[in-house]
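These notes concern the structure reproduced below.
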Amino acid sequence: MDLLIVGSGLFGLTVAERAAAAGRRVTVIDRRDHIGGNAYSEAEPETGIEVHRYGAHLFHTSNATVWEYVNRFTEFTSYVHRVYTNHAGVVYPLPINLGTINQFFAAAYSPEQARRLIASQASEYDPKTAASLEERAIGLIGRPLYEAFIRDYTAKQWQTHPRELPAEVISRLPVRYTYDNRYFNDTWEGLPVDGYTAWMERMVDHPLIDVRLSTDFFDETQPWNKRAAIGQLPVVYTGAVDRYFDYEGGELSWRTLDFEQDVLSVGDHQGTSVMNYADASVPYTRVHEFKHFHPERADRYPTDRTVIAREYSRFASREDEPYYPVNTPDDRAKLLSYREMQRVEKDVHFGGRLGTYQYLDMHMAIASALNMWNNVLA
Ligand code: FDA
């Protein structure tokens with residue numbers, strides 16, 4: 001074996017695929033019982049509807065190298081992501097745009113009129129000197145829109161009122177002065193035609209790649225464990241960086257999500273793939289309805305049933321799935337100490353979301369893995 005890869009998320013799979021294509025013999029281990037990391041999806045058994053087990057995954061990129069690379073393994077549908085939000089029993093389009101503003105203020109403002117209105121409402125605080133997330137948000141979009149669309153939603157995400165959250169949590173709040181409610185601005189967007197798992201299985205379908213599932217790097221009863229591997233061969237590690245060092249520099253903080261999945265006996269529950277719930281009176285942040293990610297599968301999906309997942313957000317404990325880095329000043333100091341520790345680890349390459357303590361979209365994880373392969377490992 002020439003290379004051990006810990007973690008079969010898109011970072012690990014990209015390195016594995018490149019290494020095998022270059023003639024290296026690779027073993028990929030993952031402690032889960034499936035490949036794909038958080039991008040994994042599966043057919044819900046009762047309905048056959050593809051469900052994203054770790055939260056909705058929408059592929060989008062403006063990186064031509066990444067787009068060319070991913071198209072070697074899958075074609076993409078023409079799905080375009082749009083999100084709506086329910087506030088006080090009324091549904092509005094997101095991100096906040098001219099449609100949201102005109103609906104909220106029951107008006108027909110032109111772009112310039114809306115711009116002037118929001119600027120006058122935002123003059124309450126200067127976002128540059130804001131003392132909290134609340135002040136910064138009001139300084140960016142004004143109090144009425146903040147209170148309707150940001151305040152309670154953010155409080156649910158962080159289990160903390162925005163007036164108690166540091167201003168740095170947000171740098172900007174996009175407001176579009178057009179009716180464009182396309183969620184992503186990237187050149188390419190779509191979903192893998194036969195699902196995420198089929199895409200990722202094709203990446204490792206190579207005689208030089210050996211995949212071992214339900215195999216934890218820290219389990220010393222299995223042959224590819226940390227003690228046995230380090231110093232013996234190059235290792236690409238995409239698990240949590242603090243766990244690698246046995247939390248010696250302290251625990252990094254993460255937010256996690258809980259999903260409550262249901263099969264409903266209706267053909268269509270909400271008419272769209274993602275509906276946010278902006279108000280404190282609803283405990284979940286959003287509801288996903290998976291069949292809407294694939295309108296082109298209408299002839300294959302049931303017309304009398306649908307699968308939804310309500311999403312709840314909270315701080316993660318060590319046993320939970322780490323999803324989003326919290327990234328407090330304390331976390332950043334710990335991360336620096338882990339980066340120091342990494343320097344002395346012989347031939348261990350830390351990558352991916354967990355290995356670098358960074359939120360990475362899929363295209364970013366793939367780009368970063370291609371860089372690691374081209375510039376370090378190859
Ligand atoms: P990833 O977390 O996928 O994989 C790491 C793997 O390492 C896991 O399979 C884990 O089991 C394994 N591992 C960890 N410790 C181990 C150990 N000790 N031994 C063995 N294996 C171990 N992106 C995007 O482009 N569009 C989107 O819409 C979304 N949506 C989204 C929603 C949510 C809720 C999250 C959390 C993330 C997204 N993403 C996203 C981001 C996307 O999931 C991310 O880019 C990829 O997961 C990154 O791949 P990685 O390989 O870095 O990590």
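Read the numbers this way: they start at 1 and go in the same order the structure lists the ligands and their atoms. Since the structure is predicted, the reported quantities are computational estimates derived from the model, not experimental observations.
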Are any of the N or O atoms of [X] closer than 3.5 Å to those of ligand 1?
X	value
R31	yes
G55	no
G36	no
G239	no
N38	yes
D216	yes
H57	yes
D361	yes
A240	no
F184	no

Do [X] and [Y] come within less than 4.5 Å of each other through their side chains, counting heavy atoms only?
X	Y	value
R243	F218	yes
L377	M372	yes
I150	I170	no
Y237	I230	no

(request) Establish, for the pair R32 and Y40, whether the NZ or CZ atom is under 6.0 angstrom from the six-membered ring centre and no further than 45 degrees off its axis. (result) no

Sub-4.0 Å atoms of ligand 1 with respect to non-hydrogen atoms of [X]:
X	answer
T215	19 (N), 20 (C)
L58	24 (C), 25 (O), 26 (N), 27 (C), 28 (O)
L360	41 (C), 42 (C), 44 (C), 45 (O)
F218	18 (N)
Y54	33 (C), 34 (C)
G37	3 (O), 4 (O), 8 (C), 9 (O)
G352	52 (O)

(request) Have a look at T306 and tell me which of H269, H292, E289 forms a side chain to side chain donor-acceptor pair (under 3.5 Å) with it. (result) E289

(request) Quick one: do D330 and K334 satisfy salt bridge (Lys or Arg N to Asp or Glu O under 4.0 Å)? Show the steps, please. (result) CA-CA 6 Å; D330 192 35; K334 288 176 189 164; 3.5 Å; yes

(request) Please determine, by modelled atom types, if D246 and Y244 share a side-chain donor-acceptor pair under 3.5 angstrom. (result) no

Say whether, by atom type as modelled, one donor and one acceptor occur between the side chain of [X] and the main chain of [Y] under 3.5 angstrom.
X	Y	answer
D205	R202	no
K291	R305	yes
T215	L213	yes
N225	R227	yes

(message) Yes or no: does I35 have any heavy atom under 4.0 Å from an atom of ligand 1?
(response) no

(message) I'd like to know if F59 contacts ligand 1, where contact means a heavy-atom distance under 4.0 Å to any ligand atom.
(response) no

(message) Before you tell me yes or no, could you show the steps for F76 and W199 under ring pair (Phe, Tyr, Trp, His ring centres under 6.0 Å), namely the whole-Å CA-CA distance, both residues' side-chain angles and the distance that decides it to 0.1 Å?
(response) CA-CA 10 Å; F76 287 83; W199 160 15; 5.6 Å; yes

Closest approach of any protein heavy atom to [atom], naming residue and atom:
atom	result
atom 30 (N) of ligand 1	A56 O, 2.9 Å
atom 39 (N) of ligand 1	Y359 OH, 3.1 Å
atom 8 (C) of ligand 1	D30 OD2, 3.5 Å
atom 25 (O) of ligand 1	M362 N, 2.8 Å
atom 49 (O) of ligand 1	L10 N, 3.7 Å
atom 51 (O) of ligand 1	F11 N, 3.0 Å
atom 53 (O) of ligand 1	R353 NE, 3.9 Å
atom 19 (N) of ligand 1	F217 N, 3.1 Å

(request) Please test D262 against R310 for salt bridge (Lys or Arg N to Asp or Glu O under 4.0 Å), starting from the C-alpha separation and ending with a verdict. (result) CA-CA 8 Å; D262 266 334; R310 295 175 205 90; 3.0 Å; yes

(message) Regarding atom 4 (O) of ligand 1: of the candidates G7, G355, G9, which has the closest heavy atom?
(response) G9

(message) If I compare all heavy atoms of Y196 with all of M362, which pair ends up nearest, and what's the gap?
(response) OH-CE, 3.5 Å

(message) Please give me the minimum heavy-atom distance between D30 and S8, naming the atom from each residue.
(response) OD2-N, 2.7 Å

(message) Tell me whether the rings of H52 and F293 are parallel (<30°), tilted (30 to 60°) or perpendicular (>60°).
(response) parallel

(message) Taking 4.0 Å as the limit for heavy-atom contacts, which would you say applies to L257 with ligand 1: side chain only, backbone only, both, or neither?
(response) side chain

(request) Please work out whether any backbone atom (N, CA, C, O) or any side-chain heavy atom from C-beta onward of Y324 is under 4.0 Å from ligand 1, and answer side chain, backbone, both or neither. (result) side chain

